Amino acid sequence: MNDELSPPLGAASNPHAGRADVPADDASGAASVASAKPADHPAIANGYIGVLIVNLGTPAAPDAKSVRRYLTEFLNDPRVIEESGIVWQFIRDGFILRSRPRRRARDYAKIWNRDADESPLMTITRSQCERLAVRLEQIGRPIVADWAMRYGEPSIGNRLRALLARGCDRILLVPLYPQYAAATTATACDEAFRTLLRMRWQPTLRVAAPYYDDPIYIDSVARSLEAECGKLAFSPDVILASFHGIPKDYFLKGDPYYCQCAKTFRLLRERLRLDESKFMMTFQSRFGRAEWLQPYTDATVKRLAKSGVKNLVVITPGFSADCLETLEEIGVENAEIFHRNGGTNFAAIPCLNDSDLGMDVIETIVRRELGGWIRDPD
């Protein structure tokens, strides 16, 4: 805690890494401003810029108790489940939170990073932050990079407060979702704004826009797919682009998510020069009995296998980092569906993660959104 209240690091930094002394003077003029304060003025660090990358979240451990705690927070978010009546509460508390945590804990156990004792999503997001901090050092300005999860730890509220304590009076929030959805981007913003509501001294907050059609994102996903396919011992008959689904009703109420997924898919298809019989868009991870965006990934995988497709590749361009939905749902569950119904070769392509291509995307988004905040020294 004391470390969070210390002056911020010089240049770009990762607050979870080692510390360094603050330079006597820097481009922001923070040191010269401090020298003009009255002698009895409390020490306040300011003049720094924070960059907070945010992903969805993860249980603390692959056990039922931890998964139940995570799911309780997740399923109580009205952005995720808009139905909040008594019937839903009964189903959630009486059935879902009683049975689902045990099943999901087994799924998490299949993909858990045993060396670090954490989920792959946490490992990757931390690495993305560390690599981003190194890249932002080239700017030569006092920037502090940090990371948070919408559900679980490290929380958005705690990290925003830590950035403010470290002297960041301007903070860029970067939801790592290429396509906007109320259940992802909006709820991350909600949590950030709730934190600001409780602050006397609010930092200036800027939110990075979704980047579903950004040329570097499209090119990076395409290049990653091409490179990974080049490593396979087979040539795919069909490639599926599987996006996380949302209830169809959310889309009909005005959520732009489907349209942004469709544009990402179209731009990827054009970049890859594939026709609609070789490259298809689907939606995964549906929950409950309501209709979700279609076509469903699992149903499409089964249909393709039954129709004679022997070699299938799946990419997940809506995810910035591998997680339960990509590693277990696609890489295990859908692979089993494909093989069980006559398919031969199946490959789940890794997300961009903290690869050079993935970091090119994040760095480009951050640098663009920092425009106007990064000034040349006087």
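Worth saying up front: this structure is predicted, and the values here are computed from it rather than measured.
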Spacing of OG1 belonging to T300 relative to CE belonging to M281, to within rounding of 0.5 Å: 10.5 Å
Interatomic spacing from CZ in R104 to CG in L324 - rounded to 0.5 Å: 4.5 Å
Centroid-centroid under 6.0 Å between F265 and F279 rings: yes
Distance in Å, C351 SG paired with D322 CG, rounded so as to fall on 0.5 Å steps: 4.0 Å
Geometric cation-pi criterion R206 and W373, 6.0 Å radius, 45° cone: yes
Closest non-hydrogen atom pair, A321 against I124: CB-CG2, 3.6 Å
Salt bridge (Lys or Arg N to Asp or Glu O under 4.0 Å) involving E226 - partner list, sequence neighbours excluded: R271
F243-F319 aromatic ring centre distance below 6.0 Å: no
Heavy-atom check, side chain of R114 versus side chain of P62, under 4.5 Å: yes
Spatial distance of atom CZ (R170) from atom CG (L164) [nearest 0.5 Å]: 13.0 Å
Partner of T72 by side-chain contact (heavy atoms from CB on, under 4.5 Å), out of V67, L97, I96: L97
pair T264-Q179: side-chain heavy atoms closer than 4.5 Å: yes
Value rounded to 0.5 Å, distance of SG in C323 from CD in E328: 11.0 Å
Remaining members of hydrophobic cluster (4.5 Å side-chain criterion), L312: V238, L240, M280, V301, L304, V309, V314, I330, I337, F338, F346
Any pair counted as side-chain hydrogen bond (donor to acceptor under 3.5 Å, both in side chains), so long as it reaches residues 243-252, sequence neighbours left out: D249-K253
Least distance between heavy atoms, T316 atom then I349 atom: OG1-O, 4.4 Å
Worked check of salt bridge (Lys or Arg N to Asp or Glu O under 4.0 Å) between D354 and R131: CA-CA 8 Å; D354 57 349; R131 295 200 65 191; 5.5 Å; no
Cation-pi, Y296 ring and R286 (6.0 angstrom, 45 degrees): yes
Flag, side chain of S220 to backbone of Y217, donor-acceptor distance under 3.5 Å: no
Any side-chain donor near an acceptor of the partner, D77 and Y151, under 3.5 Å: yes
N311 and D237: CA distance, side-chain angles, deciding distance, side chain to side chain donor-acceptor pair (under 3.5 Å) verdict: CA-CA 5 Å; N311 305 299; D237 302 320; 3.3 Å; yes
Heavy-atom side-chain contact between R103 and R106 under 4.5 Å: yes
Any side-chain heavy-atom pair of Y70 and P101 under 4.5 Å: no
Any side-chain heavy-atom pair of S119 and I111 under 4.5 Å: no
Listed partners of D190 passing salt bridge (Lys or Arg N to Asp or Glu O under 4.0 Å), at least two apart: R79
Check: N341 and R303 side chains under 4.5 Å, non-hydrogen atoms: no
Within one Ile-Leu-Val-Met-Phe-Trp-Tyr cluster: L163 and L196, side-chain cutoff 4.5 Å: yes
W147 vs N55, side chain to side chain donor-acceptor pair (under 3.5 Å): CA-CA, chis, key distance, verdict: CA-CA 8 Å; W147 59 283; N55 217 312; over 6 Å; no
With sequence neighbours excluded, residues passing salt bridge (Lys or Arg N to Asp or Glu O under 4.0 Å) with D275: none
Student check: side-chain heavy atoms of L172 and L52 closer than 4.5 Å: no
Connected-component partners of I86 among ILVMFWY, side-chain separation under 4.5 Å: none
From D219 atom CG to L267 atom CG, the distance as rounded to the nearest 0.5 Å: 11.5 Å
Residue pair V51, V144: steps toward the side-chain contact (heavy atoms from CB on, under 4.5 Å) verdict: CA-CA 6 Å; V51 176; V144 181; over 6 Å; no
Residue pairs fulfilling ring-ring contact (aromatic ring centres under 6.0 Å, His included) with at least one residue in residues 154-198, sequence neighbours excluded: none
Pairing residues for S224 by the side chain to side chain contact (heavy atoms under 4.5 Å, CB included) criterion, not counting sequence neighbours: E228, L352, L357
Qualifying side-chain hydrogen bond (donor to acceptor under 3.5 Å, both in side chains) pairs with a residue from residues 89-102, counting only residues at least two apart or across chains: N76-R92
Verdict with supporting geometry, E325 and Q284, side chain to side chain donor-acceptor pair (under 3.5 Å): CA-CA 8 Å; E325 286 78 9; Q284 64 181 86; over 6 Å; no
E270 with R266: basic N within carboxylate O range, under 4.0 Å: yes
Donor-acceptor contact present, side-chain R150 to main-chain T187, <3.5 Å: yes
Contact check, side chains of L132 and M359, non-hydrogen atoms, under 4.5 Å: yes
Enumerate donor-acceptor pairs with a distance under 3.5 Å from any side-chain N or O in residues 208-215 to protein atoms, sequence neighbours excluded.
from: D213; atom 1: OD2; to: K263; atom 2: NZ; distance (Å): 3.2
from: D214; atom 1: OD1; to: I216; atom 2: N; distance (Å): 3.0
from: D214; atom 1: OD2; to: R368; atom 2: NH1; distance (Å): 3.0
from: D214; atom 1: OD2; to: R368; atom 2: NH2; distance (Å): 2.8

Donor-acceptor side-chain pairing of W201 and D169 below 3.5 angstrom: no
Counterpart residues, salt bridge (Lys or Arg N to Asp or Glu O under 4.0 Å), relative to R68 (two or more places apart): none
Members sharing F90's hydrophobic cluster (side chains within less than 4.5 Å): F95
G140 backbone acceptor or donor facing Q138 side chain under 3.5 Å: no
T125 versus I53, closest heavy-atom pair with distance: O-CD1, 3.8 Å
Flag for T123-E118: side-chain donor and acceptor within less than 3.5 Å: yes
